[in-house]
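Small disclaimer: the values here were computed from a predicted structure and weren't measured. Below, chain A is the first sequence line, B the second, and so on; all start at residue 1.
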2 protein chains.
Amino acid sequence: MSGVRAQQKEKTRRQIINAALNQLSAERSFSSLSLREVAKEAGLAPTSFYRHFSDMDELGLTLVDEAGLTLRQLMRQARQRIAKGGSVIQISVQTFMELIESNANVFRLLLRERSGTSAAFRAAVIREIRYFTMELCDYLQKANQLDAEVAYMQANAAVTIVFSAGSDALDIEDKAERDQLAQQTIQQLRFIARGALELSDRRKASKKSK
Amino acid sequence: MSGVRAQQKEKTRRQIINAALNQLSAERSFSSLSLREVAKEAGLAPTSFYRHFSDMDELGLTLVDEAGLTLRQLMRQARQRIAKGGSVIQISVQTFMELIESNANVFRLLLRERSGTSAAFRAAVIREIRYFTMELCDYLQKANQLDAEVAYMQANAAVTIVFSAGSDALDIEDKAERDQLAQQTIQQLRFIARGALELSDRRKASKKSK
DNA sequence: ATTTTGGGCGTACACTTGTACGCTAGTTGT
DNA sequence: ACAACTAGCGTACAAGTGTACGCCCAAAAT
């Protein structure tokens with residue numbers, strides 16, 4: 001049970017996953033990858049692929065999980081930075097933009113499969129994003145003492161704005177332009193925060209008066 | 001020059017376009033369509049396709065233009081309704097949701113190709129959405145007397161939120177749930193409007209004080 | 001020491017894909 | 001009336017696809 005064999009298997013599994021990730025790009029979506037291409041890039045015979053995944057779909061879902069992991073890593077990093085003080089919104093956007101830059105292909109995968117043709121993929125992506133949203137919702141509710149429903153709407157809107165900005169950022173190569181986009185995103189998040197805070201206060205007030 | 005010939009050509013061109021639109025669905029993206037499939041659905045021999053489009057790409061760009069038309073149609077309709085009075089945001093969201101329901105596939109095309117693998121497609125979609133955003137920006141600036149930059153940020157954020165909600169709505173079949181989504185979207189747009197108005201006022205005040 | 005297991009390979013097959021080429025027949029221009 | 005043009009068709013081909021099947025051989029289990 002030393003696992004020499006299992007160890008080797010895990011290794012080639014990673015090779016397949018990495019091969020797939022490497023082939024993703026702005027011009028190449030996951031659904032356009034063929035089993036044979038991925039196998040070749042991984043240094044495998046096409047048929048050996050099946051020893052690890054029964055389908056390209058199964059590989060795809062694994063990649064989405066991988067992407068979810070990256071997302072959670074992002075949240076941890078942002079929280080650490082926030083703990084050191086500074087504007088929460090600014091730090092969050094900046095951290096997010098950095099993550100996108102260094103994991104462009106993973107992020108592209110998420111964005112594409114969110115509106116892709118496989119219901120399973122869409123569900124998986126939406127689950128990851130929902131988790132992300134819920135985390136933010138929790139934070140907002142506690143940090144700003146918001147009404148629960150209002151906090152959710154704010155979190156949802158904020159995530160939408162940030163992901164959309166991330167998507168745009170992927171197509172911008174000029175650093176100054178990206179910075180401007182980040183700046184605009186920060187301002188938009190502040191719009192939302194302001195509106196949410198106000199509604200929450202109004203709701204609290206109407207409860208009190210009863 | 002009676003144009004019997006040109007007329008016939010235009011007709012089969014439409015057949016091709018409609019064939020492509022018909023094949024689009026939640027499970028079928030444009031990039032997954034093959035030239036042969038489209039030709040067959042249009043009742044044409046594969047090679048006859050080339051008499052109308054040199055490429056599937058060319059057909060795709062035509063479809064995006066078609067979608068842009070639908071978008072402009074939406075704006076006209078919303079403006080008409082707004083002129084009759086009522087909450088601008090509510091009417092806009094409602095109109096948008098109706099459009100999505102009756103043109104689901106066209107809308108899906110836009111959403112998918114926005115983050116698709118063809119740079120030309122992405123550019124075309126972004127152009128349509130930008131046009132849409134600019135129209136809204138103009139309206140906001142005039143109707144609410146906003147600072148120009150603030151109006152743009154609001155329009156941009158609003159379009160992002162609405163399109164994202166539209167994308168979500170495509171996956172919801174339950175009417176009550178869709179209504180709830182619409183309600184949430186309206187509230188989120190109000191958050192943004194509130195934040196934008198405040199920033200604009202603050203900017204005006206700081207100008208005055210100079 | 002012997003058997004079982006399982007990852008990896010090569011071959012093979014049935015399909016689908018885009019598109020080059022040449023033909024036909026009916027419209028259009030002269 | 002005649003010539004030129006052209007939408008549409010059928011054939012054909014090379015390339016790429018997923019995957020069924022059987023073999024090999026080193027690790028694991030007995």
Side-chain angles (χ1 to χ4, degrees), chain A residues 1-25 27-63 112-113 116-121, chain B residues 1-25 27-63 112-113 116-121:
Chain A
M1 234 226 237
S2 68
V4 170
R5 198 173 196 115
Q7 206 173 326
Q8 180 59 29
K9 179 163 188 182
E10 186 55 30
K11 188 177 161 191
T12 67
R13 189 186 141 95
R14 288 295 332 166
Q15 276 172 4
I16 293 178
I17 292 176
N18 290 334
L21 284 178
N22 278 337
Q23 308 213 340
L24 292 179
S25 71
E27 294 80 25
R28 212 81 163 71
S29 73
F30 179 77
S31 61
S32 81
L33 295 184
S34 76
L35 184 153
R36 287 176 110 105
E37 280 176 310
V38 173
K40 183 189 266 186
E41 170 93 9
L44 275 181
T47 50
S48 299
F49 179 94
Y50 294 107
R51 303 289 187 198
H52 302 271
F53 302 95
S54 69
D55 241 2
M56 278 294 282
D57 278 12
E58 203 173 300
L59 170 58
L61 289 176
T62 305
L63 292 189
R112 284 184 177 145
E113 299 310 329
T117 56
S118 155
F121 277 32
Chain B
M1 229 220 242
S2 68
V4 171
R5 194 169 199 122
Q7 206 173 326
Q8 179 58 31
K9 180 163 187 183
E10 186 55 32
K11 189 177 160 192
T12 66
R13 189 186 141 97
R14 288 294 333 165
Q15 275 172 5
I16 293 177
I17 292 176
N18 290 333
L21 283 178
N22 278 337
Q23 307 214 337
L24 291 178
S25 72
E27 294 79 25
R28 212 81 164 70
S29 72
F30 179 78
S31 62
S32 81
L33 296 183
S34 75
L35 183 153
R36 287 176 108 105
E37 280 176 310
V38 173
K40 181 188 268 187
E41 170 93 9
L44 275 181
T47 49
S48 300
F49 179 94
Y50 294 108
R51 301 290 186 195
H52 303 272
F53 302 96
S54 69
D55 240 3
M56 278 295 282
D57 278 12
E58 202 173 302
L59 170 58
L61 290 177
T62 305
L63 293 188
R112 283 183 178 147
E113 298 310 329
T117 55
S118 154
F121 278 32

Checklist entry - Roughly, in whole Å, what's the span from CZ in Arg5(B) to P in dT27(C)? => result 8 Å
Checklist entry - Gln8(A) CD to dA26(D) C1': how many Å, rounded? => result 11 Å
Item to check | Members of residues 51-61 of chain A that approach DNA chain C, where some heavy atom sits under 4.0 Å away | outcome: Arg51(A), His52(A)
Item to check | Any donor-acceptor N/O pair, Arg112(A) side chain to Gly116(B) backbone, under 3.5 Å | outcome: yes
Checklist entry - Atom NZ of Lys9(B) and atom C1' of dG26(C): how far apart are they, to the nearest Å? => result 15 Å
Next on the checklist: Of the listed nucleotides (dT19(C), dC9(D), dG8(C)), which one gets closest to any side-chain atom of Leu44(A)?
Outcome noted: dG8(C)
Item to check | dG7(C) phosphate, OP1 or OP2, under 4.0 Å from Ser48(A) side-chain N/O | outcome: no
Checklist entry - Side chain of Thr12(A): nearest nucleotide among dC5(D), dT19(D), dG8(C)? => result dG8(C)
Checklist entry - So what does Ser34(A) hit on the nucleic acid, given a heavy-atom distance under 4.0 Å: a base, only sugar-phosphate, or nothing? => result sugar-phosphate
Next on the checklist: Let me confirm one number: the CZ-CG distance from Phe53(B) to Leu35(B), rounded to the nearest 0.5 Å.
Outcome noted: 10.5 Å
Item to check | Nucleotide dA26(D), atom C1' - distance to CD of Gln7(A) in whole Å | outcome: 15 Å
Item to check | Interatomic spacing from OG1 in Thr117(B) to CG in Leu24(A) - rounded to 0.5 Å | outcome: 11.5 Å
Next on the checklist: Looking at Thr47(A) and dG10(C), is any side-chain donor or acceptor paired with a base atom of the opposite kind under 3.5 Å?
Outcome noted: yes
Next on the checklist: If I take atom OH in residue Tyr50(B) and atom P in nucleotide dG18(C), what distance separates them, rounded to the nearest angstrom?
Outcome noted: 7 Å
Item to check | Beyond-backbone contact of Arg36(B) with Lys40(B), side-chain heavy atoms, under 4.5 angstrom | outcome: no
Checklist entry - Do we see a donor-acceptor contact under 3.5 Å between the side chains of Glu37(B) and Gln23(B)? => result no
Item to check | Listed partners of Arg14(A) passing salt bridge (charged side-chain N to carboxylate O under 4.0 Å, His left out), at least two apart | outcome: Glu66(A)
Next on the checklist: Side chain of Pro46(B) only, heavy atoms from C-beta on: which candidate in dT19(C), dA7(D), dT6(D) is closest?
Outcome noted: dT19(C)
Item to check | Rounded interatomic separation in angstrom, taking NZ from Lys40(B) and C1' from dC9(D) | outcome: 16 Å
Checklist entry - Does the dG18(D) base have a donor-acceptor partner in the side chain of Arg36(A) within less than 3.5 Å? => result yes
Item to check | Student check: side-chain heavy atoms of Thr12(B) and Arg51(B) closer than 4.5 Å | outcome: no
Checklist entry - Roughly, in whole Å, what's the span from CZ in Phe49(A) to C1' in dG8(C)? => result 14 Å
Item to check | Distance, rounded to the nearest Å, where Lys11(A) contributes NZ and dA27(D) contributes P | outcome: 14 Å
